[in-house]
Amino acid sequence: MKETTKIDTIEAYNQCFGLKTRHPLVSVVDLSQATQWPDPLRFSYGIYALFLKQVKCGNIQYGRQTYDYQDGTIICFAPGQVAEVTRIPGARPSAYGLLFHPDLIRGTALGQEITRYSFFSYAANEALHLSEEERQTILDTMRKIDRELDHPFDKHSRRLITAHIGVLLDYCMRFYDRQFATRSEVNNDVIARFEQLLDGYFDTDAPQHEGLPSVRYFADKVCLSPNYFGDLIRKLTGKTASEHIQDRLIDRVKELLLSSGKTMSQIAYELGFQHPQHLSRMFKRLTGMTPNEYRSVG
């Protein structure tokens, strides 16, 4: 395995590429100005990083999968993630990047909201694909942060910089939502596949061996990360993936209660519950009746 470089500080990243560090907690970088390029490289991020790739210059291995990106796309990394880049021979890096340390936003409104920018945790095939107008919007916002870094630091600097970062991330969320809408055919295929997988799971003895299915289980089956898959299902159906799983589970329970003489314990174990009372509580919470009440009125 290639040696992993820990990027826990802005300075650590900039040193890898021979770039100047103007602020210890935030940096706007232009990789076309890099004076060195470690190749191949494997980074373990301890900071947030967002890159607008101008030209595809290599392959990015993100976790166990390949990050599918093209010219004019945004890729994002968050603390705790590992990315490996293998550069195409002769290719020169061309990307603008925003790097910021978690300490920069700690205690700020952005720090409280950072988890809602779920694109930071997306893996394969989940780069943000931009139009030319969107690309220009991202560049303009990065340049505002860059200009602020050139300004002498005062009591307003941190607030202004974090505000600009928040605006940048909000634009990314807008473009991300647009990406959902413009890929409706592919997304609908994912939903159809999810429904097939749900039915298929409960049609077999998988629950008795594997237990209750998780969102991650279905995300893996459709080759998406759990966060992206969950957001996709919620945006297109109005329900979370977990709610879909629960709904399908309760439908199965209702069917078994009315069409068989199985006890609640037998039904619970058949559907993957270790403890029957957990299913009984879920059934009462979601239907307003106990399983026995439902069976008696059915």
Side-chain angles (χ1 to χ4, degrees), residues 7-14 19-31 43 45-54 62 67 69 72-81 83 95-123 126-182 225 227-228 230-232 234-235:
I7 304 296
D8 292 330
T9 64
I10 302 300
E11 178 67 20
Y13 183 90
N14 286 338
L19 297 170
K20 180 181 177 181
T21 298
R22 290 173 290 169
H23 191 288
L25 297 180
V26 59
S27 184
V28 175
V29 298
D30 180 355
L31 289 182
F43 283 167
Y45 282 94
I47 60 176
Y48 291 95
L50 182 151
F51 298 98
L52 172 58
K53 292 287 187 179
Q54 306 285 72
Y62 186 51
Y67 211 142
Y69 74 97
T73 58
I74 286 180
I75 58 175
C76 307
F77 306 104
Q81 296 173 353
Y96 287 97
L98 169 68
L99 314 168
F100 60 97
H101 195 281
D103 285 349
L104 177 74
I105 62 174
R106 213 176 299 280
T108 68
L110 179 58
Q112 295 171 0
E113 297 180 352
I114 192 67
T115 55
R116 79 180 181 89
Y117 300 107
S118 47
F119 48 77
F120 272 115
S121 54
Y122 293 159
E126 296 165 23
L128 294 176
H129 299 257
L130 304 182
S131 68
E132 178 57 32
E133 181 180 353
E134 291 167 345
R135 191 183 73 85
Q136 199 58 51
T137 297
I138 294 297
L139 286 173
D140 290 345
T141 311
M142 280 192 180
R143 286 167 182 150
K144 289 179 181 178
I145 301 171
D146 194 47
R147 286 194 293 271
E148 187 58 37
L149 290 173
D150 280 335
H151 190 280
F153 288 94
D154 55 33
K155 64 181 182 180
H156 304 288
S157 298
R158 184 180 182 222
R159 180 181 177 86
L160 287 169
I161 290 170
T162 56
H164 286 316
I165 293 174
V167 169
L168 178 65
L169 299 184
D170 283 341
Y171 275 126
C172 288
M173 282 300 293
R174 170 183 282 179
F175 304 152
Y176 168 52
D177 288 343
R178 182 268 307 151
Q179 186 163 299
F180 274 129
T182 56
S225 70
N227 281 348
Y228 189 95
D231 279 358
L232 176 63
R234 177 176 52 81
K235 288 179 182 295

For [X] and [Y], which heavy atoms make the closest approach, and how far apart are they?
X	Y	value
Lys53	Ala95	CD-CB, 3.8 Å
Asp8	Gly46	OD1-CA, 3.6 Å
Lys20	Asn14	O-ND2, 3.4 Å
Gly166	Tyr117	O-OH, 3.9 Å

At what distance, to the nearest 0.5 angstrom, does [atom1] of [X] lie from [atom2] of [Y]?
X	Y	atom1	atom2	value
Thr141	Ile165	OG1	CD1	11.5 Å
Arg143	Leu149	CZ	CG	14.5 Å
Thr162	Leu110	OG1	CG	6.5 Å
Ile105	Glu113	CD1	CD	10.0 Å
His164	Ile145	NE2	CD1	7.0 Å
Glu133	Ile138	CD	CD1	11.5 Å

I want to check something: taking the side chain as every heavy atom from C-beta on, are [X] and [Y] in contact at a cut-off of under 4.5 Å?
X	Y	result
Phe119	Leu169	yes
Val26	Leu98	yes
Ile114	Phe100	yes
Ser157	Glu148	yes
Leu25	Ile161	no
Arg178	Arg174	no
Leu160	His151	no
Ile74	Tyr176	no

Stepwise, does the side-chain contact (heavy atoms from CB on, under 4.5 Å) test hold for Ile7 with Leu99? CA-CA 11 Å; Ile7 304 296; Leu99 314 168; over 6 Å; no

Within the distance-only criterion (no hydrogens, no angle test), does the side chain of Ser27 pair as donor or acceptor with the backbone N or O of His23 below 3.5 angstrom?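 No, Ser27 side chain to His23 backbone: no donor-acceptor pair under 3.5 Å.
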
Gln81 side-chain N/O to Phe120 backbone N/O, donor-acceptor pair under 3.5 Å: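 Present.
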
Carefully, step by step, assess Lys144 and Leu168 under the rule side-chain contact (heavy atoms from CB on, under 4.5 Å). CA-CA 10 Å; Lys144 289 179 181 178; Leu168 178 65; over 6 Å; no

Taking Arg116 first and then Asp170, would you say they form a salt bridge - that is, a charged N and a carboxylate O separated by under 4.0 Å?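 The answer is yes: the pair qualifies as a salt bridge.
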
May I ask you to decide whether Arg22 forms a salt bridge with Asp146, counting only side-chain N to carboxylate O separations under 4.0 Å?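 Yes.
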
Pair Tyr13 + Phe43: ring centers closer than 6.0 Å: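 Judged by ring-centre distance (under 6.0 Å), Tyr13 and Phe43 do meet the cut-off.
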
When you look at Leu52 and Glu134, which way does the side-chain contact (heavy atoms from CB on, under 4.5 Å) test go after all the steps? CA-CA 11 Å; Leu52 172 58; Glu134 291 167 345; over 6 Å; no

By salt bridge (Lys or Arg N to Asp or Glu O under 4.0 Å) - contacts of Arg234 (at least two apart):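 Arg234 satisfies salt bridge (Lys or Arg N to Asp or Glu O under 4.0 Å) with Asp231 only.
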
List the steps, then state whether side-chain contact (heavy atoms from CB on, under 4.5 Å) holds for Phe77 with Ile47. CA-CA 8 Å; Phe77 306 104; Ile47 60 176; over 6 Å; no

I would like to know whether Asp103 and Arg106 meet salt bridge (charged side-chain N to carboxylate O under 4.0 Å, His left out); could you show each step before the answer? CA-CA 5 Å; Asp103 285 349; Arg106 213 176 299 280; 2.8 Å; yes

